[in-house]
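To start, the structure itself, in structure tokens.
Chain identifiers are assigned alphabetically (A, B, ...) following the order of the sequence lines, protein sequences preceding nucleic acid strands; residue numbering begins at 1 within each chain.
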There are 2 protein chains.
Amino acid sequence: MAENIPIYQQITSYIKEYIETGIYQKGNIIPSEQEFCNQFNTSRMTVRKAIDELVNDGYLYRIQGRGTFVSHWVYRKSLEVLGFSYHMKQLGYTPSSQIISFEINIPQPSIAERLKILPTENVFYLSRVRMADLEPIAIENVYLPEKRFPGLDTYSFEENSLYEILKTKYNAEVVLKQEKIHAVMVAGHDARILFGKEKGVGMRMNGVDFDANMTPVAYADSIYHGTKYIFDVIFR
Amino acid sequence: MAENIPIYQQITSYIKEYIETGIYQKGNIIPSEQEFCNQFNTSRMTVRKAIDELVNDGYLYRIQGRGTFVSHWVYRKSLEVLGFSYHMKQLGYTPSSQIISFEINIPQPSIAERLKILPTENVFYLSRVRMADLEPIAIENVYLPEKRFPGLDTYSFEENSLYEILKTKYNAEVVLKQEKIHAVMVAGHDARILFGKEKGVGMRMNGVDFDANMTPVAYADSIYHGTKYIFDVIFR
DNA sequence: CAGTGGTCTAGACCACGCC
DNA sequence: GCGTGGTCTAGACCACTGG
């Protein structure tokens with residue numbers, strides 16, 4: 001029995017699994033809060049905390065006086081916070097990268113400011129072509145503070161997920177991204193890589209990644225192929 | 001005294017106001033949960049519910065053992081759920097619209113499906129040029145089920161916010177949007193409106209708006225000016 | 001009416017950060 | 001050790017939807 005996982009997390013996992021396996025069907029009602037209290041032998045506030053979380057994440061919705069229901073739309077997390085590699089795998093593609101450059105630099109002042117470091121502190125600069133099933137999908141430029149990630153340059157980012165390494169090796173899990181997105185005309189070198197010709201339409205996405213303490217972890221500036229990559233976003 | 005507003009909502013409003021007026025500064029600690037208990041003469045669970053909400057919305061973050069802090073970045077709600085008019089006002093522009101067409105149609109099957117109505121049920125089709133300070137920013141095409149919004153065609157959408165009317169007149173508040181976003185080359189009629197020339201780069205955004213019961217309220221398909229409009233999005 | 005979710009109480013013990 | 005947030009209890013009353 002001995003569980004150190006909080007009860008409310010056990011309940012959210014339980015309900016999530018039942019949704020994902022289709023035991024709780026889209027649009028259908030799920031057991032009442034009281035029933036979960038009995039099943040998990042816990043108090044109602046604990047059950048409510050579990051359900052609150054799933055409502056917030058968009059899995060469930062409540063109607064007062066009637067019950068709690070499974071959301072209708074196909075659930076999709078904001079996959080972008082989990083990085084390109086994870087995202088592509090979810091979509092069924094094989095992600096890969098081709099390193100354009102990986103070096104240690106003095107940052108541009110605007111980038112230092114976004115990373116909340118001094119302009120005299122070094123940053124890693126990692127530039128990669130991101131591919132799905134060997135087709136170029138995006139050009140990604142990432143800047144990371146050297147101080148926070150000593151020895152980062154000893155890893156290979158051809159196959160490894162940057163986010164995975166930050167999380168497992170440096171205990172820096174990205175939980176939030178603030179991004180600016182707009183359409184751009186891509187030309188020159190970037191266009192030849194992404195489109196194989198001199199011009200093409202792309203989407204520029206640039207912003208800062210934060211960890212749970214709201215400390216900036218990385219600044220990324222990427223250009224995505226306009227037609228091969230479609231963002232799927234949920235606004236609340 | 002007599003307040004029918006829940007205590008936890010009073011507390012969220014209180015804290016929000018203190019953040020917005022700068023009394024609680026970005027990155028600084030706010031009073032402990034116990035202090036709010038005393039101040040509002042309530043229990044800790046109620047205070048936590050209030051703070052939970054603000055943490056979820058990105059206003060605050062907590063560090064166990066230390067305290068609760070105001071988020072560093074400039075707070076910005078997913079303004080897109082509130083519609084173009086509201087969004088532009090927030091940014092300090094004067095929004096306006098020019099109606100291209102407003103009619104009742106049989107929907108395309110794909111649109112009927114997204115709105116979860118029968119293909120034989122009518123939809124309103126509203127097409128507008130959206131402007132900020134009289135500059136064309138986007139072309140927006142919206143489809144709404146006639147059954148849900150009888151008499152919608154009696155309103156003027158030159159100045160009025162569509163979302164405002166849905167909310168106040170039809171009790172249909174949009175709380176969630178699921179959108180697909182990608183960059184496109186705009187040409188022909190649309191390009192002449194947005195760019196004043198034959199070609200330009202734009203961002204296409206199309207998706208469904210849902211109310212609190214997760215019932216589809218509208219389907220929108222819009223094209224935004226690539227350089228005049230920059231999406232500012234927070235992913236969690 | 002009974003059953004659901006919405007709000008709230010007045011405590012409790014634990015895990016963590018800091019001094 | 002002390003104060004913070006993290007989890008949890010065992011009740012309570014209210015507001016709403018349904019039959």
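At the phosphate of C:dT7, OP1 or OP2 sits under 4.0 Å from a side-chain N or O atom of B:Lys49. For C:dT9, the OP1/OP2 oxygens have a side-chain nitrogen or oxygen of B:Thr46 closer than 4.0 Å. In this structure, A:Tyr8 reaches the D:dT7 phosphate: one of its side-chain N or O atoms is under 4.0 Å from OP1 or OP2. Between D:dG5 and B:Thr68, a contact under 4.0 Å exists linking OP1 or OP2 to a side-chain N or O. In this model, the phosphate group of D:dT4 is approached by a side-chain N or O of B:Ser32 to a distance below 4.0 Å at OP1 or OP2.
Between the C1' atom of D:dG6 and the CG atom of A:Asp52 lies a distance of 15 Å, rounded to the nearest Å. Rounding to whole angstrom units, CD of residue A:Gln10 and P of D:dC8 are separated by 8 Å. Taking atom CD1 of A:Ile5 as the reference point, atom P of D:dG6 lies 18 Å away to the nearest angstrom. For the pair B:Arg66 CZ and C:dG17 P, the computed distance is 9 Å after rounding to whole Å. One atom, CG of A:Asn41, and another, P of D:dT9, lie 8 Å apart when rounded to the nearest Å. Straight-line distance from the CD atom of B:Glu35 to the P atom of D:dC2: 18 Å, rounded to whole Å. Summarising the geometry, the separation between CZ on A:Arg48 and P on D:dG6 is reported as 19 Å, rounded to the nearest angstrom. Atom pair B:Glu33:CD and D:dT7:C1' shows a separation of 11 Å (rounding to whole Å applied).
Each of B:Ile15, B:Thr42, B:Thr46 was evaluated against B:Phe36; a single residue qualifies, B:Ile15, per the side-chain contact (heavy atoms from CB on, under 4.5 Å) test.
When distances are taken from the side chain of A:Thr42 to each of D:dT7, D:dT9, C:dT9, the shortest belongs to D:dT9. Distances were taken from every side-chain heavy atom of B:Arg62 (C-beta onward) to each of D:dC16, D:dG6, D:dT4; the shortest belongs to D:dG6. Side-chain proximity of B:Arg44 to C:dG5, D:dG5, D:dC8: nearest is D:dG5.
For the pair A:Gly65 and A:Ile7, both in contact range of DNA chain D, the more 5′-proximal nearest nucleotide belongs to A:Ile7. Both B:Pro31 and B:Met45 lie close to DNA chain D; mapped to their nearest nucleotides by heavy-atom distance, the more 5′-ward contact belongs to B:Pro31.
At a cut-off of 3.5 Å, with distance as the only test, a side-chain donor of B:Gln39 or B:Tyr14 sits close to an acceptor on the other residue. If you check the side chains of A:Tyr163 and A:Asp209, you find a donor sitting under 3.5 Å from an acceptor.
Using a 4.0 Å heavy-atom cutoff across all strands shown, B:Ile51 reaches no nucleic acid atom at all.
For the pair B:Arg62 and B:Glu33, the salt-bridge criterion is met [side-chain N within less than 4.0 Å of a carboxylate O].
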| request: For side chain to side chain contact (heavy atoms under 4.5 Å, CB included), just list the numbers for A:Met203 and A:Ile181, CA-CA rounded to whole Å, side-chain angles, deciding distance to a tenth of an Å, and then say yes or no. | output: CA-CA 7 Å; A:Met203 200 138 70; A:Ile181 305 176; 3.6 Å; yes

